[in-house]
Amino acid sequence: MGDVRVRFAPSPTGYLHVGGARTALYNWLFARHHGGKFLLRIEDTDVKRSTPEMTDNILKSLEWLGLTWDEELVYQSQRLEIYREVAKELVNKGLAYYCYTPEGESECIEVAPEEAEGKKVAIKFRVPKSERIEFTDLIRGHIVFEGKDIKDFVIMKSDGYPTYQLAVVVDDHSMGITHVIRGEDHIPNTPKQILIYRAMGWELPQFAHLPMILGPDKKKLSKRHGAVSVLEYRRQGYLSEALFNFLALLGWSPGEDREIVPKDEMISLFDIKKVGKRAAVFDMQKLNWINSVYIRMKTDDELLELLRPFFSEVGVTDDEAIRKLIPLYKERARTLRDFVELSRYFFEDVTEYDEKGVKKHFKRPLEVASRLETCLSELEKLENWTAQDIEGVVRGVAESLDVSAAKLIHPIRLSITGMTFGPGLFELMEALGKETVLNRLRRAIEWLKMRGAQDTPE
RNA sequence: GGCCCCGUCGUCUAAUGGCUAGGAUCCCGCUCUUUCAAGGCGGUGGCACGGGUUCGAAUCCCGUCGGGGCCA
C-alpha cells in the first residue's frame with residue numbers, strides 16, 4: 001500500500017477523551033505501519049463551542065501519548081470559503097438546492113436560486129432516492145444503504161457554515177486522505193459522504209469503522225463514568241506507554257496471546273483487518289495491571305523523573321528523598337500516585353495506629369511495650385544503620401527474648417508506619433532513618449503503656 | 001419509529017468448518033515470605049437462543065432475543 005494518508009479530526013469542543021485517543025492511536029499505527037502520513041485536522045466550525053483551550057488540550061494529549069503528526073495542522077475555520085464554493089458548485093450542478101425556512105416553520109422548503117437572493121437559506125444535498133450506496137468497510141466488510149432511506153441533508157447552514165458532512169468530504173479530499181478510520185458512530189454518515197464524493201467526481205477513500213468504547217454499564221463512555229480525559233489519566237499517575245498499550249488492545253489483538261507490546265512492535269504487528277467488530281468495555285482493572293507492569297519495567301532513574309511532579313504536589317521536592325522510596329514501592333504501586341499515597345509516613349508523623357493492627361499486634365500492650373523497649377535500646381546502640389544490620393539486631397532480640405521474629409516485626413511496623421502492610425521492614429527502617437524510627441518507637445511504647453494502664457488492671 | 005452495526009468466561013480477547021474452546025485481567029485457593037506487593041502453582045467462569053446446511057458449526061445461512069449507533 002503506497003502513500004497512505006490518514007487523519008485524526010477532533011473538534012475542540014471538549015478535551016480529548018480515551019475514545020478519541022484510541023481512534024487517533026489506530027490511525028497513527030496504521031500510518032506508521034504502512035510508512036504513510038498521519039495528519040491532524042481541527043474541526044472548529046462550531047464556533048460557539050470550540051475553544052483554543054480545548055485544541056491545546058487535544059494537542060497536549062496526543063503529544064503525551066506519543067502520537068506525533070506529520071505536516072501542518074489544518075483548521076476548518078480557515079477554509080470556510082472552500083466549503084462555500086463546493087456547496088455552490090453542487091447547487092449549480094443541480095445536485096443540491098437552496099432551502100428556506102419561513103418564520104415559525106421547522107422544515108425548510110426548496111427555493112430557486114433567484115428566490116434565494118437576500119434570504120437566509122441553507123443548502124441541502126439532493127439524495128438520489130433510487131440509488132443504492134454501498135461500500136466495503138475494512139473492518140466490517142460490505143455495507144449497503146438505500147437512497148430512499150436517506151433524507152436530503154443540509155450541507156451548508158443558513159449562517160454560512162458548512163455541516164460536518166460537507167466539511168469532512170471537502171477536507172479529506174483536499175488533504176489527500178486515502179483511508180478514513182473513525183468511530184462506528186459514523187457508519188450512517190458514510191453513504192451521505194459517498195454521495196458528495198460522487199457528486200464532485202472525487203475518488204473515494206477506503207473506510208474503516210472502529211468499534212465503540214463503552215463504560216462498565218455498557219453505555220457509550222462519557223463523563224458519567226469518571227475519568228475519561230487523557231490528561232486526567234496522566235494526572236492520576238498512569239504512564240503514557242501503559243495507556244497506549246491498553247488502548248491499542250481495546251478492540252485489537254496482536255495475536256499469540258500478547259498483552260504487553262512495546263510501541264515499535266505494535267507498529268509492525270498492527271493490522272486494521274484484525275480490529276474487532278464488537279464494542280469494548282473500558283476496564284480500569286486491566287489498565288491498572290498494565291500500568292503496574294510498565295512501572296516495574298522502568299528504571300529507578302526514569303521513575304524519579306516521572307515521580308517529581310507527583311511529589312512536588314505534596315510539597316516534597318528533595319530528589320534524594322524520592323529516590324530512596326523508589327525501590328521500596330516500585331513493585332507495589334499500580335500508579336505513580338500510589339508512590340505518594342503509600343509513603344505518607346515518610347513525610348508525616350504517625351498520629352494513629354491502624355485499628356485492626358492494634359487488635360492484632362498491640363494486643364497485650366505492656367508485653368509488647370517491653371519487647372519494643374528491648375528493641376529500642378539495642379537499636380540505639382546500632383552504629384551502622386543498614387537493613388542488614390537492623391535485621392541482625394531485631395532477630396537477635398527475638399532470639400534473646402525467645403519469641404518469633406514476627407512478634408517484633410509486626411509491632412515495629414505498626415509503630416513506625418501506623419499501618420500493617422508495606423515494604424520489607426528492614427529496608428523500610430533503613431530508609432526512614434535511625435532518628436525517626438527510634439522516635440516513633442518511643443512514642444509507641446508510651447502509647448502502649450498508657451493503654452495498658454487504663455485497659456486491664458488485672 | 002426507520003435504517004445501520006454488533007453478540008466467545010464479569011471484562012479484554014484467540015481459535016484455515018474438525019483435538020477436553022486457548023491466553024490475559026478480576027476473583028478464590030496454595031506456595032514463597034515479617035506484612036503487603038511481586039513471583040510460582042492451581043481453581044471457578046464463556047460460544048445469547050432456536051432452526052437449518054454439513055460426516056462434523058463458536059465459525060456458514062435464516063429467524064428470535066439482546067446490546068449499541070445514526071436519523072427522526
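Everything numeric here is computed off the predicted structure, so don't read it as measured data. Labels below follow one simple rule: chain letters A, B, ... track the order of the sequence lines, proteins then strands, and each chain is numbered from 1.
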Taking B:rU20 as the reference, what is the distance to B:rU11 when you measure between their C1' atoms (whole Å, please)? 25 Å
So if I take every side-chain heavy atom of A:V281 and compare against B:rC6, B:rC12, B:rU13, which nucleotide ends up nearest? B:rC12
Out of B:rG22, B:rU13, B:rC5, which nucleotide sits closest to the side chain of A:A280? B:rU13
Same-atom distance (C1') from B:rC65 to B:rA24, integer angstrom: 30 Å
What is the distance from NZ of A:K277 to P of B:rC47, rounded to the nearest Å? 21 Å
Toward the 5' end of RNA chain B, by each residue's nearest nucleotide, A:D257 or A:R22: A:R22
Would you indicate what A:V394 reaches in the nucleic acid, counting non-hydrogen atoms under 4.0 angstrom: base, sugar-phosphate, or nothing? nothing
B:rA14 P sits how many Å from A:D271 CG, rounded? 12 Å
Considering every strand and a 4.0 Å limit on heavy-atom distances, what is the contact class for A:K286: base, sugar-phosphate, or nothing? base
Flag this pair as yes if the NZ/CZ of A:K263 is under 6.0 angstrom from the six-membered ring centre of A:F244 and inside a 45 degree cone about the axis; otherwise no. yes
Anything under 30° is parallel, anything over 60° is perpendicular, the rest tilted; go ahead and classify A:W447 against A:Y353. perpendicular
Specify the separation, in whole Å, of atom CG of A:L250 and atom C1' of B:rC6. 15 Å
Taking C-beta and beyond as the side chain, do A:L303 and A:L336 meet within less than 4.5 Å on heavy atoms? yes
Is it the case that A:K192 places NZ or CZ above or below the six-membered ring of A:F153, under 6.0 angstrom from the centre and within 45 degrees of the axis? yes
Considering every strand shown, what is the Watson-Crick or G-U wobble mate of B:rC3 when both distances are under 3.5 Å? B:rG69
Report, as yes or no, whether the 6.0 Å neighbourhood of atom CG on A:D264 holds more than 12 heavy atoms from other residues, nucleotides or ligands. yes
Measure up the A:W202 and A:H173 rings against each other and bin them: parallel (under 30°), tilted (30 to 60°), perpendicular (over 60°). parallel
Pairwise C1' distance for B:rC60 and B:rU54, with rounding to whole Å: 10 Å
For nucleotides B:rC12 and B:rC32, find the distance between their C1' atoms and express it as a whole number of Å. 30 Å
Any donor-acceptor N/O pair under 3.5 Å between B:rG23 base and A:E256 side chain: no
Take A:R371 and A:E367 through the salt bridge (Lys or Arg N to Asp or Glu O under 4.0 Å) test and state the conclusion after the steps. CA-CA 6 Å; A:R371 281 184 204 141; A:E367 203 177 306; 2.7 Å; yes
Using the six-membered ring wherever Trp is involved, compare the ring planes of A:H186 and A:Y164 and label them parallel, tilted or perpendicular (cut-offs 30° and 60°). parallel
Rounded distance in Å between the P positions of B:rG17 and B:rG7: 16 Å
Between P of B:rU25 and CG of A:D283, the distance in whole Å: 12 Å
Rounding to an integer number of Å, can you tell me how far A:E146 CD sits from B:rC3 P? 11 Å
Can you see whether A:Y26 has A:R22 sitting over its ring - NZ or CZ less than 6.0 Å from the centre and within 45° of the normal? yes
Does A:E399, at its CD atom, have more than 12 non-hydrogen atoms belonging to other residues, nucleotides or ligands within less than 6.0 Å? no
When rounded to whole Å, the CD to P distance for the pair A:E259 and B:rC26 reads 11 Å
Interatomic distance at P, B:rU25 relative to B:rG42, whole Å: 14 Å
Please state the P separation for the pair B:rC62 and B:rG67 - nearest whole angstrom. 22 Å
What does B:rC26 pair with, Watson-Crick or G-U, if both distances are under 3.5 Å? none
Where the side chain of A:Q285 is concerned, which of B:rC12, B:rC26, B:rG22 is the nearest nucleotide? B:rC26
Mind checking who B:rC47 pairs with, Watson-Crick or G-U wobble, both distances under 3.5 Å? none
A:H361 and A:H410 aromatic ring geometry - parallel, tilted or perpendicular at 30°/60° bounds: parallel
Atom-to-atom span, OH of A:Y294 to C1' of B:rA24 - whole angstrom: 14 Å
Pick the closest RNA chain B nucleotide for A:R258 and for A:H142 by heavy atoms, then say which residue is nearer the 5' end. A:H142
5' to 3', nucleotides 28-46 of chain B under a 4.0 Å protein heavy-atom cut-off (B base, S sugar-phosphate only, - none) gives ------BBBBSS-------
Separation between the C1' atoms of B:rC9 and B:rC27, rounded to whole Å: 12 Å
Return the value, rounded to whole Å, for the distance between atom CG of A:L210 and atom P of B:rC6. 13 Å
Has A:H142 got a side-chain atom pairing as donor or acceptor with A:T136's backbone, closer than 3.5 angstrom? no
When both distances are under 3.5 Å in a Watson-Crick or G-U wobble arrangement, the nucleotide paired with B:rU20 is none
Sugar-phosphate atoms are those with a prime plus P, OP1 and OP2; base atoms are the rest. Using that split, label each nucleotide of nucleotides 63-72 of chain B B, S or - for protein heavy atoms under 4.0 Å, 5' to 3'. -----SSS-S
